[in-house]
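The next block holds one structure in the form of structure tokens; read it before the comments.
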Protein chains: 2
Amino acid sequence: MLRISRLTDYGTLVLAQLSREGDCPTSAAEVASATGIGLPTVSKLLRLLAKADVVRSTRGARGGYRLARPASRISAAEVIDALEGPVSITECSAHGSHCDLEAVCNVGSAWQRINLAIRRALSDVTLNDLQRANAPVPRFEFAGMPIHVERDR
Amino acid sequence: MLRISRLTDYGTLVLAQLSREGDCPTSAAEVASATGIGLPTVSKLLRLLAKADVVRSTRGARGGYRLARPASRISAAEVIDALEGPVSITECSAHGSHCDLEAVCNVGSAWQRINLAIRRALSDVTLNDLQRANAPVPRFEFAGMPIHVERDR
DNA sequence: TTCAAATAGGACTAAAATAGTCCTCTTTTC
DNA sequence: GAAAAGAGGACTATTTTAGTCCTATTTGAA
């Protein structure tokens, strides 16, 4: 349930690698060999991330990619949006209210609120957190109420 | 991103309908006609939900389905687990730690913790919450633009 | 000034997950 | 015993996702 795509998962590895490389442009090929992910796939990921301004590209010889800003200012939500598109938790909620079952459907809005809660949480998790193994578990809220979340287990 | 499947969405409609019917067994056909979802699909959903003990079935003539307990004690997480299987946010985290990139992968645990937090949030949302239709529908926006996505059908 | 190293972008294919349908069997009521 | 229901599984079609490849463009440096 609620799974991020494999590509997004790879995306975080790629970004983590760029983060390690610091500010000088790193080529897709270097990232590929450092992460073990195939070059065509890495290239595709980096292109998508560049389009979303999560990374910046430099073309030409000695070119490559680097993070568009520090890892502490890149959120998990941005990465997911860049790689999967900003879609919502249910299909119909993404269209406003265009769905065949509209007349009888009355459950939409709670899913939307759940979605919002999840997005908010993902916005609070940065690439830095994703890299650091022991960051605190994010706090979730639903309908304005904090939802209690356990610490590690 | 992070979308529940259409079947799960339908599942909540089906459950909402059963909840409205109260405690007497309601046939899949009745649910289908009340919700506008196809009968074969409704049957499949109810069978899965019965297997997970979210609904209880009565066989034979005048049989049907009813909720296994009050709507306030059925969580969104249970419904998702029943219809999509209990999987995690990333592929590798679902298998323990079997992934080709294991040696170079150091981002796993934060996703796992995000996953835990999301599950926790979904466990706190009940079918009752999902049915209550009116709460202000938050306009969903990203980077200032309302998000819509996805093709029409 | 030309070559090689890069990214940009899109088209395409293959594989996997999802959705939906259908058929047959069993259980139960009337 | 007939009809109304669920159980279960097999199957097909569709959609999504992943991954590859080709060509064009940009840039640095010999």
Side-chain angles (χ1 to χ4, degrees), chain A residues 1-11 13-14 18 24-33 35-66 68 80 83-85 87 90-91 94 100-101, chain B residues 1-11 13-14 18 21 24-33 35-53 55-66 68 80 83-85 87 90-91 94 99-101 149-153:
Chain A
M1 59 145 252
L2 288 174
R3 138 154 331 171
I4 58 168
S5 73
R6 185 170 358 166
L7 244 14
T8 301
D9 199 10
Y10 285 176
L13 295 184
V14 164
L18 284 188
C24 64
T26 307
S27 72
E30 289 175 86
V31 172
S33 84
T35 55
I37 303 167
L39 174 57
T41 299
V42 169
S43 300
K44 186 185 201 172
L45 287 169
L46 284 168
R47 255 183 285 135
L48 287 169
L49 290 167
K51 190 137 73 175
D53 196 42
V54 171
V55 304
R56 294 268 165 75
S57 65
T58 308
R59 297 181 67 159
R62 323 272 323 228
Y65 298 88
R66 71 199 118 151
I80 293 175
L83 300 178
E84 308 189 15
V87 291
T90 59
E91 208 163 324
D100 300 352
L101 305 172
Chain B
M1 58 147 251
L2 287 175
R3 140 149 330 169
I4 57 169
S5 74
R6 187 174 351 171
L7 243 13
T8 301
D9 199 11
Y10 285 174
L13 297 184
V14 165
L18 284 189
E21 297 285 353
C24 66
T26 307
S27 72
E30 289 175 85
V31 172
S33 86
T35 56
I37 303 167
L39 173 58
T41 300
V42 169
S43 299
K44 186 185 201 173
L45 287 168
L46 284 168
R47 255 183 285 134
L48 287 168
L49 290 167
K51 191 138 70 174
D53 196 42
V55 303
R56 295 266 165 76
S57 66
T58 309
R59 298 180 69 159
R62 326 269 326 224
Y65 298 89
R66 71 200 117 150
I80 293 174
L83 300 178
E84 309 189 16
V87 290
T90 59
E91 208 163 324
C99 118
D100 300 352
L101 305 172
V149 205
E150 281 312 285
R151 75 261 125 125
D152 276 287
R153 53 169 73 213

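As a basis for the values below, the full set of heavy atoms in this structure was taken, side chains included, without hydrogen atoms, waters or symmetry mates. Chain letters run A, B, ... following the sequence lines, proteins first and then strands; every chain starts at 1. Not measured: the values here are computed from a predicted model.
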Over how many whole Å does the gap from [X] atom [atom1] to [N] atom [atom2] extend?
| X | N | atom1 | atom2 | value |
| --- | --- | --- | --- | --- |
| Leu46(B) | dG20(C) | CG | C1' | 15 Å |
| Leu48(B) | dA7(D) | CG | C1' | 11 Å |
| Leu39(A) | dT7(C) | CG | P | 8 Å |
| Arg62(B) | dT29(C) | CZ | C1' | 8 Å |
| Leu45(B) | dG8(D) | CG | P | 15 Å |
| Ile37(B) | dT21(C) | CD1 | C1' | 16 Å |
| Ile80(A) | dT17(D) | CD1 | P | 13 Å |
| Glu21(B) | dA5(D) | CD | P | 13 Å |

Distance, nearest 0.5 Å, that separates CG of Leu45(B) from OH of Tyr10(B):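 If we round to the nearest 0.5 Å, Leu45(B):CG and Tyr10(B):OH are 9.5 Å apart.
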Euclidean distance, Leu18(B) CG relative to Leu49(B) CG, rounded to 0.5 Å: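 Reported to 0.5 Å precision, the distance equals 8.5 Å.
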Tell me whether the side-chain N/O atoms of [X] come closer than 4.0 Å to OP1 or OP2 in [N].
| X | N | answer |
| --- | --- | --- |
| Ser5(B) | dA19(C) | yes |
| Ser27(B) | dG6(D) | no |
| Thr41(B) | dT21(C) | yes |
| Tyr10(B) | dT18(C) | no |

Please list each protein N or O that sits under 3.5 Å from an N or O in nucleotides 11-16 of chain C, with the distance.
none

Touch class at under 4.0 angstrom, heavy-atom based, for Gly64(A) against every strand present: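 It contacts sugar-phosphate atoms only.
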Sugar-phosphate only, base, or nothing, as touched by Thr58(B) at under 4.0 Å among non-hydrogen atoms: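 The answer is sugar-phosphate, as Thr58(B) gets under 4.0 Å only of primed atoms, P, OP1 or OP2.
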Flag side-chain contact, heavy atom, 4.5 Å: Val31(A) against Tyr65(A):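 The answer is no, as the side chains (C-beta and beyond) never meet within the 4.5 Å cut-off.
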Check: Lys51(A) and Val54(A) side chains under 4.5 Å, non-hydrogen atoms: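 Not touching, per the 4.5 Å side-chain cut-off.
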If you look at every heavy atom in [X] and [Y], which pair is closest and at what distance?
| X | Y | answer |
| --- | --- | --- |
| Thr35(B) | Leu13(B) | CG2-O, 4.0 Å |
| Leu39(A) | Ala32(A) | CA-CB, 3.9 Å |
| Leu7(B) | Leu83(B) | O-CD1, 3.9 Å |
| Arg62(A) | Pro25(A) | O-CB, 4.2 Å |

Distance-only donor-acceptor test, Arg47(B) side-chain atoms vs dG6(D) base atoms, 3.5 Å: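 There is none.
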Closest-nucleotide 5' rank along DNA chain D - winner of Ala29(B) and Pro40(A):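 First, find each residue's nearest nucleotide; the 5'-ward one identifies Ala29(B).
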Residues within residues 49-57 of chain A bordering DNA chain D, heavy-atom distance below 4.0 Å: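 None - not one residue of the stretch has a heavy atom sitting under 4.0 Å from the strand.
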List, with names and distances, any nitrogen or oxygen atoms from the protein found under 3.5 Å away from nitrogen or oxygen atoms belonging to nucleotides 24-26 of chain C.
unit_1	atom_1	unit_2	atom_2	d
dT26(C)	O2	Arg59(B)	NH2	2.8

Residue Ala61(B), side-chain atoms from C-beta onward, closest of dG28(D), dA8(C), dT29(C):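 So the side chain of Ala61(B) is nearest to dT29(C).
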Donor-acceptor under 3.5 Å (Thr8(A) side chain, Gly11(A) main chain):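 Flag not set: sc Thr8(A) to bb Gly11(A) has no pair under 3.5 Å.
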